[in-house]
Visitor: 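Pasting a structure here, questions to come.
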Amino acid sequence: MQNFTFHNPTRILFGQGCIANIAPEIPAGARVLITYGGGSVVNTGTLAEVRQALAGLTLFEFGGIEPNPTYETLMRAVTLARDERIDFLLAVGGGSVIDGTKFIAAAVPFVGEPWDILARHAPVTAALPLGSVLTLPATASEMNAGAVITRHATQDKLFFVSPLVFPRFSALDPTKSYTLPPRQVANGIVDAFVHIAEQYLTYPVDAKVQDRFAEGLLLTLIEDGPRALAEPENYAVRANLMWTATLALNGLIGAGVPQDWSTHMLGHEITALHGLDHAQTLAIVLPAMLQVRRLAKRDKLLQYAERVWGLTDGDAEARIDAAIAHTRAFFESLQVPTRLSSYGIGPEAIAPLVAHLERHGMTALGERQDVGLACARQVYEQAL
Ligand code: NZQ
Ligand code: ZN
């Protein structure tokens, strides 16, 4: 196992009705800016529930944070927060709203151009405190220190990480996911699956607990993912999925093990240039990435084949083939297509995608930093 430091300060309130208990998590007297997306939380009543839970506090609202939240929209919230002397942010929504709110939190006290936090890794030395009410299990943004922001004007989709933007608390009520359209349910399952893969399908370092946690989370997604689509109001299924998605990227399974993240970086460029959902890009890239890098990932792929998919017959190459095929079939079974061509993207798209990776400095990706532009091109070609 590799050396590590692990600290996760986010307090989790979990279960049906937990939104009613958020008020004590916010400092008394705070001026609170509630942030949300395109209106789902208005239609489902979640925003009203939040307002009721916070009755008596000074509340402001900022709606309209889009999926793949944009710098342009978020800077309007930054202006509002500065003008109104906001001192606590509460994100109500999915990963995009929470990520966007993390950026607002870091940008409000930032001296200079806040885009530098993303484009130049300008250090975040202060941030407003934030909390979240999660409506979409997928990203684990509710319990991690990362955020991914898009600049519409330049088609850049970049991430930043700062311990100062860990949510102080997150309320996870699984019933809030009942209203998700099937496409977003499926997206969440695929995103969580690939988060686990990025931290598990690398090379062995004899980290038994991390491996077995990862395998347990993958098995839960395989078991309960399809059930969430078939039985949308099955509480136990939704609860298991929500907690799985959080644990998939809250730092626990990634502590002390090598991490990849090349699938995400190649996927971000597809979203930036073609507008696909985040999870759609991952469903396209992961099977191709595993195929192209099967030699480097051989030992973990064999472990994955046996422990996650129960594949024990045939020689090693056949078991790896079958594990990749099972992964692809699982995504397809959730109605998330796994080929660029399924989204109308052809070979002419590959050169611009690779050029964007280069422009963003994504030239040495992967658990051994050996995924260069030639390898990335091969993966995109494999994904056609
Ligand atoms: O905008 P509203 O109207 O709220 O609708 C949203 C949105 O259209 C809707 N929705 C959310 N909860 C709902 C609901 N509809 C009905 N009922 C509900 N309960 O779902 C749509 C998608 O929402 P979004 O927040 O965009 O989805 P997701 O949670 O998948 O977040 C994706 C974003 O997170 C980033 C992605 O890059 C992408 O920008 N990621 C963040 C990560 C992190 N912070 O650690 C890691 C991930 O790898 C990912 O990159
Ligand atoms: Zn992701």
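Atom set for the values below is all heavy atoms of this structure, side chains included, hydrogens, waters and symmetry mates excluded. Positions are given from 1, in the same order as the sequence printed here. Each ligand, and each atom within it, is numbered from 1 in the order the structure gives.
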Visitor: Using heavy-atom distances, let me know which of Glu142, His268, Lys157 sits nearest atom 37 (O) of ligand 1.
Guide: Lys157
Visitor: Please answer whether the main-chain N or O of Gln259 pairs with a side-chain N or O of Thr202 as donor and acceptor at a distance below 3.5 Å.
Guide: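 Looks like no, no N/O pair under 3.5 Å.
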Visitor: Would you say Gly146 and ligand 1 have an N/O pair spaced under 3.5 Å apart?
Guide: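 Yes: some nitrogen or oxygen of Gly146 is under 3.5 Å from one in ligand 1.
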Visitor: Could you list which atoms of ligand 1 come closer than 4.0 Å to a heavy atom of His264?
Guide: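 Numbered from 1, ligand 1 contributes 48 (O).
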Visitor: Would His195 count as a contact residue for ligand 1, given that I'm defining contact as a non-hydrogen atom of the residue lying under 4.0 Å from a ligand atom?
Guide: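 Judged by the 4.0 Å heavy-atom criterion, His195 does count as contacting ligand 1.
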Visitor: Using distance alone, with no hydrogens and no angle criterion, decide if Arg11 and Ser170 have a side-chain donor and acceptor under 3.5 Å apart.
Guide: no
Visitor: When you measure from the side chain of Asp173 to the backbone N and O of Gly17, does any donor-acceptor pair fall under 3.5 Å?
Guide: yes
Visitor: Mark the output for Pro181 as yes if a heavy-atom distance to ligand 1 is under 4.0 Å, and as no if none is.
Guide: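 The answer is yes: ligand 1 sits under 4.0 Å from a heavy atom of Pro181.
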Visitor: Provide the number and element of each atom of ligand 1 under 4.0 Å from a heavy atom of Asn144.
Guide: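 Counting from 1, the qualifying ligand atoms are 43 (C), 44 (N), 45 (O).
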Visitor: Restricting to N, O or S atoms of Asp191, which is nearest to the Zn ion (ligand 2)?
Guide: OD1
Visitor: Which ligand 1 atoms, with their elements, are less than 4.0 angstrom from a heavy-atom of Pro69?
Guide: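 That gives atoms 39 (O) of ligand 1.
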Visitor: To which protein heavy atom is atom 38 (C) of ligand 1 closest, and what is the distance rounded to 0.1 Å?
Guide: Asn68 OD1, 3.5 Å
Visitor: Counting heavy atoms only, name the option from Pro67, Ala145, Ala138 that's nearest to atom 8 (O) of ligand 1.
Guide: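 Heavy atom nearest to atom 8 (O) of ligand 1 belongs to Pro67.
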Visitor: Rounded to the nearest 10 degrees, what's the angle NE2 of His264 makes with NE2 of His195 at the Zn ion (ligand 2)? Could you check?
Guide: 90°
Visitor: Between Lys176 and Val133 (side chain of the first, backbone of the second, donor and acceptor by atom type, cut-off under 3.5 Å), is there such a pair?
Guide: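 Judged by distance alone, no pair lies under 3.5 Å.
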Visitor: Counting only nitrogen or oxygen atoms and a 3.5 angstrom limit, does Gly38 reach ligand 1?
Guide: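 Gly38 vs ligand 1: N/O contact under 3.5 Å present.
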Visitor: Between Thr150 and Asn68, does the side-chain hydrogen bond (donor to acceptor under 3.5 Å, both in side chains) criterion hold? Intermediate values first, please.
Guide: CA-CA 6 Å; Thr150 297; Asn68 306 307; 5.3 Å; no
Visitor: Can you report which non-hydrogen protein atom sits closest to atom 49 (C) of ligand 1, along with the distance?
Guide: His278 NE2, 3.3 Å
Visitor: For the residue pair Arg76 and Phe62, would you count it as a cation-pi contact if the rule is NZ or CZ under 6.0 angstrom from the ring centre and within 45 degrees of the ring axis?
Guide: no
Visitor: Say whether Leu180 and Ile19 are linked into one hydrophobic cluster, either directly or through other cluster members, by side-chain heavy-atom distances under 4.5 angstrom.
Guide: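 No; tracing contacts between hydrophobic side chains, which count when under 4.5 Å, never links both residues.
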Visitor: If I apply the N/O under 3.5 Å rule, does Gly95 come out as touching ligand 1?
Guide: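 Indeed, backbone or side chain, Gly95 has an N or O that close.
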Visitor: Would you confirm whether Thr70, through its side chain, and Glu66, through its main-chain N or O, come within 3.5 Å as a donor-acceptor pair?
Guide: no
Visitor: Treating Thr281 as the side-chain partner and His268 as the backbone partner, does any N or O pair qualify as donor plus acceptor under 3.5 Å?
Guide: no
Visitor: Looking only at protein heavy atoms, which one is nearest to atom 44 (N) of ligand 1, and what is the separation?
Guide: Asp99 OD1, 2.7 Å
Visitor: May I ask you to check whether Tyr235 and Tyr178 place their ring centres under 6.0 Å from each other?
Guide: no
Visitor: With a 3.5 Å distance limit and no angle check, can you tell me whether Arg319 reaches the backbone of Asp313 through a side-chain donor-acceptor pair?
Guide: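 Not a single qualifying donor-acceptor pair exists.
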Visitor: Hey, which atoms in ligand 1 end up nearer than 4.0 Å to a heavy atom of Gly39?
Guide: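 Numbered from 1, ligand 1 contributes 3 (O).
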Visitor: For atom 34 (O) of ligand 1, what is the closest protein heavy atom, and at what distance to 0.1 Å?
Guide: Thr139 CG2, 3.3 Å
Visitor: Note the single closest protein heavy atom to atom 12 (N) of ligand 1, along with its residue, its atom name and the distance in Å.
Guide: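 Looking at atom 12 (N) of ligand 1, the protein heavy atom closest to it is Thr135 OG1, 2.8 Å.
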Visitor: Whether the side chain of Asp191 engages the backbone of Asn187 through a donor-acceptor N/O pair (distance < 3.5 Å, no angle test) should be reported.
Guide: no
Visitor: Would you mind finding which of Glu198, Gln184, Arg183 brings a heavy atom closest to atom 20 (O) of ligand 1?
Guide: Gln184
Visitor: Say whether Val41, considering both its backbone and side-chain N or O atoms, lies within less than 3.5 Å of an N or O atom on ligand 1.
Guide: no
Visitor: Who's the nearest protein heavy-atom neighbour of atom 16 (C) of ligand 1, and how far?
Guide: Thr179 O, 3.4 Å
Visitor: Which bit of Lys176 gets closer than 4.0 Å to ligand 1, counting heavy atoms only: side chain, backbone, both or neither?
Guide: backbone
Visitor: Which residue and non-hydrogen atom of the protein lie closest to atom 6 (C) of ligand 1, and at what distance in Å?
Guide: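 Answer for atom 6 (C) of ligand 1: Ser40 OG, 4.4 Å.
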Visitor: Have a look at ligand 1 and work out which part of Asp191, if any, has a heavy atom under 4.0 Å from it: side chain, backbone, both or neither.
Guide: side chain
Visitor: Taking both backbone and side-chain atoms of Lys102, is any N or O found less than 3.5 Å from an N or O belonging to ligand 1?
Guide: no
Visitor: Nearest 0.5 angstrom please: Leu33 CG to Thr101 OG1, how far?
Guide: 8.0 Å
Visitor: Counting N and O atoms only, with roles assigned by atom type, does the side chain of Glu332 sit under 3.5 Å from a partner on the main chain of Thr338, one being a donor and the other an acceptor?
Guide: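 Looks like yes, one N/O pair under 3.5 Å.
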Visitor: Are the side chain of Tyr304 and the backbone of Tyr200 linked by a donor-acceptor contact shorter than 3.5 Å?
Guide: no
Visitor: Is the distance between the ring centroids of Phe331 and Phe193 less than 6.0 Å?
Guide: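 Distance test on ring centres: under 6.0 Å, yes.
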Visitor: Closest non-hydrogen protein atom to atom 27 (O) of ligand 1, residue and atom name please, with distance?
Guide: Leu136 CD1, 3.3 Å
Visitor: Which is closest to atom 33 (C) of ligand 1 by heavy-atom distance: Ser177, Ala248, Ser96?
Guide: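 Looking at heavy atoms only, the winner is Ser96.
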Visitor: Main chain of Ala20, side chain of Glu49: is a donor-acceptor contact present, judged purely on distance under 3.5 Å?
Guide: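 No: the side chain of Glu49 does not pair with the backbone of Ala20.
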Visitor: Quick check on contacts: which atoms of ligand 1 are under 4.0 angstrom from a heavy atom of Ser141?
Guide: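 So the atoms of ligand 1 that pass are 44 (N).
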Visitor: Any heavy atom of Gly93 sitting closer than 4.0 Å to ligand 1?
Guide: no
